[in-house]
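As C-alpha cells, the structure follows; a few thoughts come after it.
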Amino acid sequence: MASSSGSAAAGADAVDAPPAAATVAVAVERRPAAARLSELGVRSWPKWGGPPGRYALSYGARQTCYVVRGRVSATVEGSPDGAIQFGAGDLVVFARGTRCTWHIVSAVDMHYAFDPS
C-alpha cells in the first residue's frame with residue numbers, strides 16, 4: 001500500500017480504462033466485468049483492510065486497487081475537483097506521485113498491486 005502517517009492504507013470519476021496521462025491522479029472504474037478482473041489477476045493480489053478513519057497517503061508508484069468491501073471518500077492534494085467517492089466493486093488507479101487523504105466511511109477490504117516499473 002501507499003505510505004501514510006503510522007499506518008498502511010490505499011480523480012476522475014467513472015472511466016473505462018486506467019489513466020493514460022500523469023495529469024489524472026485517480027481514476028475509478030465502476031463495477032468492471034469479471035473478465036477484466038480475471039485478466040488483471042486481481043484475486044491473486046495482496047489484500048489490505050482498514051477501519052473507518054482518515055489516512056494521509058502518498059503514492060511512490062502507480063497503484064491499482066480493487067475494493068471488495070467498504071466505502072471511501074478521497075481528497076487529492078491540489079485538486080479543485082473535491083472528494084472522489086469509491087467503494088465495493090470499484091477498480092481504482094492512483095497515479096505515481098499522487099498525495100491524498102482517505103476518509104474511510106465504512107471498513108475497507110481490498111486487493112492491491114503496484115506497477116512493476
Side-chain angles (χ1 to χ4, degrees):
M1 293 298 313
S3 64
S4 70
S5 304
S7 176
D13 274 344
V15 295
D16 293 327
T23 58
V24 177
V26 182
V28 179
E29 186 175 342
R30 309 278 181 205
R31 307 249 178 231
R36 173 144 165 71
L37 297 176
S38 180
E39 176 184 302
L40 292 171
V42 167
R43 299 290 181 205
S44 68
W45 296 351
K47 290 182 175 181
W48 181 83
R54 292 190 186 275
Y55 302 86
L57 305 172
S58 179
Y59 295 87
R62 181 176 172 210
Q63 182 182 12
T64 303
C65 305
Y66 177 68
V67 183
V68 176
R69 176 178 72 108
R71 190 87 193 134
V72 176
S73 176
T75 304
V76 178
E77 187 176 290
S79 173
D81 298 332
I84 300 151
Q85 310 293 319
F86 56 91
D90 292 338
L91 187 68
V92 188
V93 179
F94 296 89
R96 180 178 181 206
T98 299
R99 297 171 63 100
C100 62
T101 299
W102 280 30
H103 175 216
I104 298 180
V105 178
S106 65
V108 168
D109 286 320
M110 65 184 202
H111 292 275
Y112 67 95
F114 289 103
D115 189 323
S117 59

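Keep in mind the model is a prediction, meaning the values are calculated, not measured. Values below: every heavy atom of this structure, side chains too, minus hydrogens, waters and symmetry copies.
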Measuring from atom [atom1] of [X] to atom [atom2] of [Y], what distance do you get when rounded to the nearest 0.5 angstrom?
{"X": "H111", "Y": "L40", "atom1": "NE2", "atom2": "CG", "result": "12.5 Å"}
{"X": "Y66", "Y": "E29", "atom1": "OH", "atom2": "CD", "result": "10.5 Å"}
{"X": "R30", "Y": "Q85", "atom1": "CZ", "atom2": "CD", "result": "8.0 Å"}
{"X": "C100", "Y": "Y59", "atom1": "SG", "atom2": "OH", "result": "4.5 Å"}

*Mutual orientation of the aromatic rings belonging to F86 and F94 [parallel < 30°, tilted 30-60°, perpendicular > 60°]*: perpendicular
*Is there a donor-acceptor pair closer than 3.5 Å between any side-chain N or O of T98 and the backbone N or O of A25?*
yes
*Report the C-alpha distance between V67 and V72 in whole Å, list the side-chain angles of each, state the deciding distance to 0.1 Å, and finish with yes or no for side chain to side chain contact (heavy atoms under 4.5 Å, CB included).*
CA-CA 10 Å; V67 183; V72 176; over 6 Å; no
_Walk me through whether M110 and D90 qualify under side chain to side chain contact (heavy atoms under 4.5 Å, CB included)._
CA-CA 10 Å; M110 65 184 202; D90 292 338; over 6 Å; no
*Between G89 and P32, which heavy-atom pair has the shortest distance, and what is it?*
O-CD, 3.2 Å
*A88 and R69: which non-hydrogen atoms are nearest, and at how many Å?*
CB-CA, 4.0 Å
_K47 vs D109, test: side chain to side chain contact (heavy atoms under 4.5 Å, CB included). Steps then yes/no._
CA-CA 7 Å; K47 290 182 175 181; D109 286 320; over 6 Å; no
*If you draw a 6.0 Å radius around CZ in R54, do more than 12 non-hydrogen atoms from other residues or ligands fall strictly inside?*
no
*asked:* Taking CZ in R71 as the centre, count heavy atoms belonging to other residues, nucleotides or ligands within less than 6.0 Å. Is the count above 12?
replied: yes
